[in-house]
Amino acid sequence: MEVVNNVTEFIFLGLSQDPGMQLMFFALFLWVYIVIMVGNFLILLTVFSDPRLHTPMYFFLGNLSFVDIAYSSATAPKMIADFVSEKKRISYWGCATQMFTFHFFGCAEIFVLTVMAFDRYAAICHPLRYTTIMSVNVCTTLASASWLGALGHSFVQTLLTFQLPFCSAQTIDHYFCDVHPVLKLACADTTLVNMLVIANSGLISLGCFVILLASYIVILFSLRKRSAESQRKALSTCGSHLTVVTFFFVPCIFIYLRPSTTFPLDKAVSVFYTTITPMLNPLIYTLRNEDVKNATKRLWNLLVSLKEK
């Protein structure tokens with residue numbers, strides 16, 4: 001049957017309808033977005049400018065920083081602009097594009113974090129074979145597979161949602177086009193689509209999270225026979241990664257591993273993994289990682305010396 005849509009645009013309710021709160025949110029999230037951009041660009045610049053960081057671990061960290069920049073940009077600029085807009089409108093195809101880019105970069109982040117856990121497992125559990133296991137070809141293949149997997153996920157997710165008819169309802173009780181809030185507006189039975197969304201988004205999040213936890217359990221067991229210094233260094237690196245994983249995966253599982261129902265807490269949870277986590281990632285990796293801190297200091301000293309000349 002041909003899908004007929006009478007809707008050409010959608011209207012967001014946003015995080016708040018109160019004008020005073022919207023101005024406060026505008027200032028707050030503009031600052032957060034600037035921190036995301038500056039922090040992640042700094043990590044990208046540091047990783048690719050310092051030869052000592054041209055290792056698999058920092059190659060994937062660079063991928064993560066790029067993903068965070070793109071992932072937050074899929075929702076944050078529109079959300080910030082809407083705080084000072086009378087009508088929070090988005091076109092039908094603009095909504096589809098936002099959903100596609102949001103899930104593409106969000107799923108890429110999930111896969112990159114999972115690959116980073118595999119890299120830590122190889123480095124700690126198989127140190128003598130690490131350079132062979134994580135060769136340039138292997139790193140490139142893993143990164144490419146992460147991006148291609150994310151592309152497939154996002155394409156399926158967006159197609160499942162926008163193949164449904166939208167008749168008259170236009171108001172999305174959210175601040176961006178995500179699957180569950182948009183599905184509520186469809187004038188068709190969405191039971192099957194909801195089940196497929198859970199299988200697509202929810203199980204990917206849960207499956208990768210279980211794999212990550214399993215890898216860290218294996219790492220912890222392998223560290224029992226190491227020296228105290230080796231344990232400290234490994235736990236510092238893994239602790240940073242595990243912190244990022246927890247902040248990102250737990251909200252994702254809460255949102256997507258359930259039927260298409262909405263709770264008042266959903267918007268706050270979504271804010272956490274769409275803006276707060278990408279802001280925290282650079283802080284976590286720079287404050288807890290000696291190599292990145294030292295490389296950042298070297299980069300800063302180089303920039304200062306160039307400026308003085």
Report yes if some heavy atom in the side chain of [X] is under 4.5 Å from a heavy atom in the side chain of [Y]; otherwise report no.
{"X": "C125", "Y": "I219", "result": "yes"}
{"X": "F162", "Y": "W93", "result": "no"}
{"X": "F60", "Y": "L142", "result": "yes"}
{"X": "C177", "Y": "F12", "result": "yes"}
{"X": "S91", "Y": "T8", "result": "no"}
{"X": "Y58", "Y": "D50", "result": "no"}
{"X": "M116", "Y": "N63", "result": "no"}
{"X": "V244", "Y": "L280", "result": "no"}

Point to revise | Partner residues of F105 under the ring-ring contact (aromatic ring centres under 6.0 Å, His included) criterion, sequence neighbours left out | key: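 Partners of F105 under the ring-ring contact (aromatic ring centres under 6.0 Å, His included) test: none.
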
Does a sphere of radius 6.0 Å around [atom1] in [X] hold more than 12 heavy atoms from other residues, nucleotides or ligands, not counting ones at 6.0 Å or beyond?
{"X": "F66", "atom1": "CZ", "result": "no"}
{"X": "F155", "atom1": "CZ", "result": "no"}
{"X": "M195", "atom1": "CE", "result": "no"}

Does a donor on one side chain and an acceptor on the other come within less than 3.5 Å for [X] and [Y]?
{"X": "Y256", "Y": "H180", "answer": "no"}
{"X": "T191", "Y": "D189", "answer": "yes"}
{"X": "T274", "Y": "Y175", "answer": "yes"}
{"X": "D119", "Y": "Y130", "answer": "yes"}

Quick one: pull up [atom1] in [X] and [atom2] in [Y] and give me the separation to the nearest 0.5 Å.
{"X": "F272", "Y": "T277", "atom1": "CZ", "atom2": "OG1", "value": "4.5 Å"}
{"X": "Y216", "Y": "I211", "atom1": "OH", "atom2": "CD1", "value": "13.0 Å"}
{"X": "I90", "Y": "I172", "atom1": "CD1", "atom2": "CD1", "value": "7.5 Å"}
{"X": "F59", "Y": "L53", "atom1": "CZ", "atom2": "CG", "value": "14.0 Å"}
{"X": "M134", "Y": "R120", "atom1": "CE", "atom2": "CZ", "value": "8.5 Å"}
{"X": "Q22", "Y": "F29", "atom1": "CD", "atom2": "CZ", "value": "12.0 Å"}

Verify, without hydrogens or angle tests, whether [X] (side chain) and [Y] (backbone) share a donor-acceptor contact under 3.5 angstrom.
{"X": "Q163", "Y": "L160", "result": "yes"}
{"X": "T161", "Y": "Q157", "result": "yes"}
{"X": "S65", "Y": "L61", "result": "yes"}
{"X": "S201", "Y": "I198", "result": "no"}
{"X": "S144", "Y": "T140", "result": "yes"}
{"X": "N40", "Y": "I36", "result": "yes"}
{"X": "Q98", "Y": "A74", "result": "yes"}

Write down the atom of [X], the atom of [Y], and the distance for their closest heavy-atom approach.
{"X": "S72", "Y": "I69", "answer": "OG-O, 3.3 Å"}
{"X": "I11", "Y": "R89", "answer": "CD1-NH1, 4.2 Å"}
{"X": "V179", "Y": "H103", "answer": "CG2-NE2, 3.5 Å"}
{"X": "F111", "Y": "S146", "answer": "CD1-O, 3.4 Å"}
{"X": "T190", "Y": "L164", "answer": "CG2-CD1, 3.8 Å"}
{"X": "I133", "Y": "F118", "answer": "CG2-CZ, 4.1 Å"}

In terms of hydrophobic clusters joined by side-chain contacts under 4.5 Å, are [X] and [Y] together?
{"X": "L28", "Y": "M37", "result": "yes"}
{"X": "F100", "Y": "L148", "result": "no"}
{"X": "F41", "Y": "L64", "result": "yes"}
{"X": "M21", "Y": "L23", "result": "yes"}
{"X": "L183", "Y": "L192", "result": "yes"}

Point to revise | Geometric class of the F10/F166 ring pair [parallel <30°, tilted 30-60°, perpendicular >60°] | key: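 Judged by the thresholds at 30° and 60°, the geometry between F166 and F10 is perpendicular.
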
Practice item. Take the angle between the ring planes of H174 and F176 and call it parallel below 30°, perpendicular above 60°, tilted in between. Key: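 Correct class here is perpendicular.
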
Exercise for review: Quick one: do L113 and F249 satisfy side-chain contact (heavy atoms from CB on, under 4.5 Å)? Show the steps, please.
Suggested key: CA-CA 10 Å; L113 286 170; F249 276 85; 3.8 Å; yes

Practice item. Evaluate the side-chain hydrogen bond (donor to acceptor under 3.5 Å, both in side chains) criterion for residues S222 and Y121: first the C-alpha distance (whole Å), next the side-chain angles of each, then the deciding distance (0.1 Å), finally the verdict. Key: CA-CA 10 Å; S222 70; Y121 163 78; over 6 Å; no

**Study point:** Set of residues satisfying side-chain contact (heavy atoms from CB on, under 4.5 Å) with respect to S205, sequence neighbours excluded
**Key:**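 side-chain contact (heavy atoms from CB on, under 4.5 Å) check on S205 returns I110, C252, I253.
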
Practice item. Output yes when K87 and D82 qualify as a salt bridge under the 4.0 Å nitrogen-oxygen rule, no when they do not. Key: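 D82 and K87: not salt-bridged.
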
Review point. Residues in disulfide (SG to SG under 2.5 Å) with C107, at least two apart?
Key: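 In terms of disulfide (SG to SG under 2.5 Å), with neighbours along the sequence ignored, C107 is linked to no residue.
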
Point to revise | Full working for side-chain contact (heavy atoms from CB on, under 4.5 Å) between V7 and C167 | key: CA-CA 6 Å; V7 173; C167 301; over 6 Å; no

Exercise for review: Could you check Y33 against S73 for side-chain hydrogen bond (donor to acceptor under 3.5 Å, both in side chains), going step by step and ending with a plain yes or no?
Suggested key: CA-CA 8 Å; Y33 186 60; S73 296; 2.7 Å; yes

Review point. Quick one: are the ring centres of F26 and F83 less than 6.0 Å apart?
Key: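 That pair fails the under 6.0 Å test.
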
Check your understanding: Can you list the steps and then say if D173 with K267 is a salt bridge (Lys or Arg N to Asp or Glu O under 4.0 Å)?
Key -> CA-CA 9 Å; D173 188 14; K267 292 181 185 180; 2.9 Å; yes

